[in-house]
Amino acid sequence: MEGSIMHMDAARIIGFLKGKSILITGSTGFLGKILVEKILRVQPHVHKMYLLVRAIDAPSANQRVHQEVIGAELFGLLREKYGEGFDSFIQDKVVPLAGDITGEDLGLEASTLHDLAKDMDVIINIAATTNFYERYDVSLDVNVMGVKHLCQFAKQCANLKMLMHVSTAFVSGDSAELIREKPITPGEALREGLRLDIDAELRLAGDVKKGPANNADDDAHNKTAERKAMKELGLQRARHFGWSNTYVFTKAMGEMVLEQHRGDMPVVVMRPSIITSVRADPLPGWMQGTRTIDTLIIGYAKQNISCFLADLRLVVDVVPGDMVVNAMLTAAAARSGEKGALAVYQATSSLRNPVTYAVLYRAGGRHFAEHPRVRGNGEVIPNREMRFFSTIPRFRLYMILTYKLPLEILHAANLLLCGLFSNFYNDSNRKYKFVMRLVDVYGPFAFFKGCFDDTNLESLRSTMVSKSSEDEMFNFNPKGIDWDDYFYRIHIPGVLKYVCK
């Protein structure tokens, strides 16, 4: 597959970006910001970067991009480099677009769309809703229909060199075998004997959403009921076809739609695993939003969880955000202009340099022992050992004995005491149900046993020559990561600084 790729180095990647017009969706997200910053920093002679963001009009799109993207701490190096000229440099290179990938024509005016199509060299789709327990209709709109709308636009771009789609390594399900970098066949379900019809899923979501006629008097109640029904439907459909949650299920459908509508344009599908904080440049430790593994760090820091669902011996597949972006830019430069080609790359670590939950937990213990947390009154918060449950049934049993039984006793007492504890019972019961729901949704993820093959990405890496220190700036080799050092020195402090405020 990689036979046609000649050697790659920083100069070739930077050269590829020169003078290019690039459309990026999802630029306000974690990965999107890292990508925008990297391109501006390594290639100031990029022609234009069009950032499609949800906004009602051009001024609000502009405000959103400047506040959420350019205003991020991540852009500190660039601000320093350009000083007073920073704003005019950004104005010259970055074009905010008020639009929406869930709409036909990306929510843009026909004339804007036409002008963009003439100019566009590269499209990079990062926009996604990543919530495991998202409403089914919302997930389908963004993760599936969004891909279709982008493909329709891409076909109008006469000079397009590349459409890159960022998916997730977990689209292949919970297989305990080596998970290959192969495209997903449209209609193929993970559960044998089932066919997945995307149009039927879209219709089903629409029908459930319409539901019985809403009573205007009970509008708030109806909205809450609709939201719950749509979330439950997503999970139910995902599991019916063999996926563990709505996110990975709809991302798999997004890849199917891409396969159906890509025609003969060059396409790269990048599938990262769990993306963690920036490892090297421009700002080690920088991150945004909580990843699944960070719940453990934050819970430990705040001392509000004493037990966690994880088997410390299991491998957790993580990859730093800057390495994912380096892989994306290298793949874009390597595969651009290959008509009809589809390349799938898994930006993962479990095959080349696996790390277990135990390494993360030990690094956390070490960090908090050396940097103890302090209460408002100056008192040091002692570090407690956390209890881990290596199976879901064990965790459920613990929750029933520790929380559910006392709750039921409280419920009985509440009835005897004419509802004296009603509020406390209802609040505690709601929290209990919330925790059990989280266990249901995240449990399969915590015990994921698969290992991701990254042969295609390794082949791409093997074409990388390291002639100068400059070539290091596109490093995406997981073998070079000392996980213990990365978690202890970079990732955990990053989570505490940028996420756990």
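No hydrogens, no waters, no symmetry mates; every other heavy atom, side chains included, goes into these values.
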Do Arg239 and Asp440 sit within salt-bridge range, that is, some charged N less than 4.0 Å from a carboxylate O?
yes
Answer yes or no: is there a donor N or O on one side and an acceptor on the other, between the side chain of Lys33 and the main chain of Glu68, under 3.5 Å?
yes
If you apply the rule ring-ring contact (aromatic ring centres under 6.0 Å, His included), what do you find for Tyr361 with Phe388, and how did you get there?
CA-CA 11 Å; Tyr361 183 58; Phe388 289 95; 4.7 Å; yes
Taking the side chain as every heavy atom from C-beta outward, state whether Leu283 and Glu37 have any atom pair closer than 4.5 Å.
no
Qualifying residue, where the test is ring-ring contact (aromatic ring centres under 6.0 Å, His included) with Tyr442 and the options are Phe132, Phe447, Phe448, Tyr133:
Phe132
Row check, Tyr488 ring normal vs Arg366 NZ/CZ: under 6.0 Å, within 45°
yes
Side chains of Thr276 and Tyr486: any donor to acceptor distance under 3.5 Å?
yes
Indicate yes or no: at least one non-hydrogen side-chain atom of Glu379 is less than 4.5 angstrom from one of Val374.
no
Working to the nearest 0.5 Å, report the span between CZ of Phe241 and CD of Gln236.
10.5 Å
Is there side-chain contact between Glu226 and Asn222, with at least one heavy-atom pair below 4.5 Å?
no
So does Glu370 have more than 12 non-hydrogen atoms from other groups sitting under 6.0 Å from CD?
yes
Could you tell me which non-hydrogen atom of Leu460 sits nearest to which non-hydrogen atom of Ala334, and how far apart they are?
CD1-CB, 3.6 Å
Looking at Phe368, does the NZ or CZ of Arg373 lie under 6.0 angstrom from its six-membered ring centre and within 45 degrees of the ring axis?
yes
Closest heavy-atom pair, Pro272 versus Ser167, reported as atoms and distance to 0.1 Å, is CD-O, 3.3 Å
Please report the interatomic distance CG(Asp311) to NZ(Lys449), rounded to the nearest 0.5 Å.
7.0 Å
Heavy-atom side-chain contact between Lys231 and Leu235 under 4.5 Å:
no
Give the ring-plane orientation class for Phe395 versus Tyr398, where under 30° counts as parallel, over 60° as perpendicular and anything between as tilted.
tilted
Minimum side-chain heavy-atom gap Phe487-Val318 below 4.5 Å
yes
Between Arg461 and Glu458, does the salt bridge (charged side-chain N to carboxylate O under 4.0 Å, His left out) criterion hold? Intermediate values first, please.
CA-CA 5 Å; Arg461 265 195 295 270; Glu458 183 62 22; 2.8 Å; yes
Leu40 and Val94: side chain to side chain contact (heavy atoms under 4.5 Å, CB included), yes or no, with the steps?
CA-CA 9 Å; Leu40 288 172; Val94 174; 4.1 Å; yes
Check whether any side-chain heavy atom of Leu140 lies under 4.5 Å from a side-chain heavy atom of Met145, and answer yes or no.
no
Taking only distance into account, with no hydrogens and no angle test, what donor-acceptor pairs under 3.5 Å do side-chain atoms of residues 70-92 form with protein atoms, sequence neighbours excluded?
from	atom 1	to	atom 2	distance (Å)
Arg79	NH2	Ile70	O	3.2
Ser88	OG	Gly85	O	3.1

All heavy atoms of Thr348 vs all of Ala169, minimum pair found to be CG2-CB, 3.8 Å
Step by step, would you call Ser390 with Arg394 a side chain to side chain donor-acceptor pair (under 3.5 Å)?
CA-CA 7 Å; Ser390 56; Arg394 274 186 200 163; 3.2 Å; yes
Looking at every heavy atom in both Val144 and Thr250, which two are closest together, and how far apart are they?
CG2-O, 3.4 Å
Is a side-chain donor or acceptor of Gln346 paired with a backbone partner of Arg271 at a separation under 3.5 angstrom?
no
By the side chain to side chain donor-acceptor pair (under 3.5 Å) test, which pairs, at least two apart or in different chains, include something from residues 315-324?
Ser273-Asp317, Asp317-Ser349, Asp317-Ser350
So, Asp57 and Ser60: side-chain donor and acceptor under 3.5 Å apart, yes or no?
yes
To the nearest 0.5 angstrom, please state how far the CG atom of Leu51 sits from the CG atom of Leu97.
7.5 Å
Taking distance alone, no hydrogens or angles, what donor-acceptor pairs closer than 3.5 Å link side-chain atoms of residues 489-498 to residues at least two apart or in another chain?
from	atom 1	to	atom 2	distance (Å)
Arg489	NE	Asp485	OD1	3.0
Arg489	NE	Asp485	OD2	3.2
Arg489	NH2	Asp485	OD2	3.0
His491	ND1	Ser277	N	3.4
His491	ND1	Ser277	OG	2.8
His491	NE2	Asp294	OD1	2.7

Can you see which heavy atom on Pro96 is nearest to which on Asn62, and at what distance?
CG-OD1, 3.4 Å
Give a yes or no on this: more than 12 heavy atoms of other residues, nucleotides or ligands lie within 6.0 Å of atom CZ of Arg54.
no
Between Cys500 and Ala301, the two heavy atoms sitting closest are SG-CB, 4.4 Å
Go through it in stages, so that I can follow the logic: the residues are Trp286 and Phe30, the test is ring-ring contact (aromatic ring centres under 6.0 Å, His included), and I'd like the CA-CA distance, side-chain angles, deciding distance and then a yes or no.
CA-CA 9 Å; Trp286 185 82; Phe30 175 54; 5.5 Å; yes
For residues Thr102 and Asp100, is any side-chain donor paired with an opposing acceptor at under 3.5 Å?
yes
Taking the six-membered ring for Trp, is the centroid-to-centroid distance between Tyr247 and Phe170 below 6.0 Å?
no
Can you check side chain to side chain contact (heavy atoms under 4.5 Å, CB included) on Val46 and Lys93, steps first, answer last?
CA-CA 7 Å; Val46 64; Lys93 297 297 171 187; 4.2 Å; yes
How long is the straight-line distance from CD of Gln288 back to CG of Leu31, given to the nearest 0.5 Å?
10.5 Å
Quick one: pull up CD in Glu134 and CG in Asn143 and give me the separation to the nearest 0.5 Å.
8.5 Å
Leu17 vs Val42 side-chain heavy atoms within contact, under 4.5 Å
yes
Should Tyr136 and Thr246 count as side-chain neighbours, where that means a heavy-atom distance under 4.5 Å?
yes
I'd like to know if the side chain of Asn353 and the backbone of Pro478 have a donor-acceptor N/O pair within less than 3.5 Å.
yes
Could you grab the distance from atom NE2 of His165 to atom CG of Leu150, nearest 0.5 Å is fine?
9.5 Å
